[in-house]
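What follows is a short report on a single structure.
The chains referred to below are lettered A, B, ... by the order of the sequence lines, with proteins before strands, and numbering in each begins at 1.
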Amino acid sequence: MCGRFTIAPLVDLFDRFHVPERVSLTLPRYNVAPSQEVPVVIRDGNNRVALMQWGLVPSWTKDLATARKPINARAETLAERPTFRDSLRYHRCLVPATGFYEWKKEGAARVPYYLRLRSGDLFAIAGLFDTWRHPFGGELRTFTIITTAPNRTVSPYHDRMPAILRQHDEERWLEAGPLDPATLAGILAPCPDDVLEVYRVSPRVNSPSADGPDLVTKV
DNA sequence: CCAGACGTTGTT
DNA sequence: GTCTGG
DNA sequence: CCAGACGTTGTT
DNA sequence: GTCTGG
């Protein structure tokens, strides 16, 4: 699955995703955890960067306090899920990332590994977002990360991985409007085996309050 | 009809 | 909002 | 995802 | 054990 990621871009996020309007960002981040606010790319006329909280709250949610706020959506089933279906049609987004963590079960222990592109490049994870309106005003914008089957590089570590978009699919993903199931399956298929690399990192990443470049150091 | 759920992962 | 279960 | 809390009353 | 918070 994908429950932590990094966004520590070496290149300009706005240029990489063709966003004309600059907004202020608090980057880099080496340990983004659920519920935290990070930049995502949406299309609203032009591409735009919006800050959203990780954990989807559908627009029809009645009680924010008891809402589930799923951080992941399975690619294989999201078209059927009431929680994701509307977002899938009209609120797709890119989640910029430079890597993500997976915890591997090794006996009783859960050992963190870091996965990133061999190129070290910034990439886009397929995401969905929605806007929830407070009863007395104000908006909460949230997103979820789509997961897919692991490729051969990831499968020794985990049985799910984030849906990393091929660069030529990024613009199509942002376009509003329904996608037919075959197109969807193609876009959200696991990325090629040879683009990712994996190595073990310190369990200091376990604590959501930890941050800093040392978290992605090989151990 | 109304009430209640609406999610994923991992673990058992 | 929309679907499922009773 | 993991870490940390998990409670009430009354007093400050 | 299970829920909440980050």
Side-chain angles (χ1 to χ4, degrees), chain A residues 1-7 26-40 51-91 95 97-116 125-135 139-150 154-164 178 188 190 198-212 214-216 219:
Chain A
M1 107 181 263
C2 183
R4 299 285 179 90
F5 66 96
T6 63
I7 176 166
T26 52
L27 297 178
R29 293 290 315 279
Y30 294 90
N31 194 9
V32 177
S35 81
Q36 294 179 348
E37 190 176 72
V38 286
V40 303
L51 297 176
M52 299 193 195
Q53 285 181 16
W54 185 11
L56 190 76
V57 178
S59 60
W60 42 260
T61 296
K62 292 187 186 77
D63 180 12
L64 188 60
T66 58
R68 285 176 210 277
K69 307 177 187 173
I71 63 170
N72 294 130
R74 293 178 64 89
E76 300 88 335
T77 55
L78 83 182
E80 303 147 18
R81 295 280 185 266
T83 298
F84 303 131
R85 200 181 37 202
D86 289 345
S87 289
L88 176 63
R89 276 182 286 197
Y90 301 109
H91 298 299
V95 183
T98 47
F100 57 97
Y101 301 95
E102 298 288 3
W103 279 260
K104 182 181 182 178
K105 281 187 300 175
E106 297 182 1
R110 307 266 297 151
V111 178
Y113 287 81
Y114 185 58
L115 301 92
R116 65 181 181 187
I125 302 171
L128 305 174
F129 73 96
D130 211 344
T131 302
W132 183 81
R133 290 178 173 78
H134 285 82
E139 289 186 345
L140 177 66
R141 310 189 91 187
T142 58
F143 72 96
T144 193
I145 280 176
I146 298 175
T147 65
T148 191
V154 179
S155 61
Y157 300 90
H158 211 71
D159 61 359
R160 302 295 294 171
M161 62 181 268
I164 297 170
L188 300 179
V198 190
Y199 58 84
R200 187 171 173 166
V201 293
S202 164
R204 278 183 283 107
V205 73
N206 290 3
S207 173
S209 61
D211 201 350
D214 53 305
L215 297 181
V216 298
V219 297

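- Distances shorter than 4.0 Å separate none of the side-chain N or O atoms of A/Arg85 from OP1 or OP2 on C/dG1.
- Counting any heavy atom pair closer than 4.0 Å across all strands shown, A/Ser209 reaches no nucleic acid atom.
- Residues meeting the ring pair (Phe, Tyr, Trp, His ring centres under 6.0 Å) test with A/Trp132, sequence neighbours left out: A/His134.
- Side-chain proximity of A/Thr77 to the nucleotides D/dA3, B/dT8, D/dC1 is greatest for B/dT8.
- If you check every strand for non-hydrogen atoms under 4.0 Å, A/Lys69 touches nothing.
- If you measure from atom NZ of A/Lys62 to atom P of B/dG4, you get 11 Å, rounded to the nearest angstrom.
- Paired with A/Val95 under the rule side chain to side chain contact (heavy atoms under 4.5 Å, CB included), one option of A/Phe129, A/Phe143, A/Phe100 passes, and it is A/Phe143.
- Residues A/Leu128 and A/Leu88 are in side-chain contact: their nearest non-hydrogen atoms beyond the backbone lie under 4.5 Å apart.
- Using a 4.0 Å heavy-atom cutoff across all strands shown, A/Tyr101 reaches no nucleic acid atom at all.
- Counting non-hydrogen atoms under 4.0 angstrom, A/Thr144 reaches nothing in the nucleic acid.
- Atom OH in A/Tyr90 sits about 15 Å away from atom P in C/dG1, given to the nearest Å.
- In this structure A/Arg29 satisfies the side chain to side chain donor-acceptor pair (under 3.5 Å) test together with A/Gln36, A/Asp211, sequence neighbours excluded.
- Side-chain atoms of A/Trp103 and A/Val111, non-hydrogen and from C-beta on, never get closer than 4.5 Å to each other.
- Taking every side-chain heavy atom of A/Pro82 into account, B/dG7 is the closest of B/dG7, B/dT8, D/dC1.
- Both distances falling under 3.5 Å, in either a Watson-Crick or a G-U wobble arrangement, place C/dG5 opposite B/dC2.
- Residue contacts shown for A/Asn31 are absent, as no nucleic acid heavy atom lies under 4.0 Å away.
- For the pair A/Glu76 CD and B/dG7 P, the computed distance is 14 Å after rounding to whole Å.
- For A/Arg81, counting side-chain heavy atoms from C-beta on, the closest listed nucleotide (B/dG7, D/dC2, B/dT9) is B/dG7.
- Comparing B/dT9, B/dG7, B/dC6 by their closest approach to the side chain of A/Pro70 singles out B/dG7.
- Within the 4.0 angstrom heavy-atom criterion, only backbone atoms of the sugar-phosphate kind lie near A/Thr147; the bases stay farther away.
- If you take CG of A/Asp159 and P of B/dT8, they are 13 Å apart, rounded to a whole angstrom.
- Atom CZ in A/Phe84 sits roughly 17 Å away from atom P in B/dA5 (whole-Å rounding).
- Residue-level contact check: A/Leu56 touches neither bases nor backbone, having no heavy atom under 4.0 Å from any strand.
- Backbone-only contact: A/Arg74 has heavy atoms under 4.0 Å from sugar-phosphate atoms and none from a base.
- A/Phe100 has its CZ atom 15 Å from the P atom of D/dC2, to the nearest Å.
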Give me, pair by pair, the N or O atoms of the protein and of nucleotides 4-6 of chain C that are less than 3.5 Å apart, along with how far apart they are.
none

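- Between the CZ atom of A/Arg204 and the P atom of D/dC1 there is a distance of 22 Å, rounded to whole Å.
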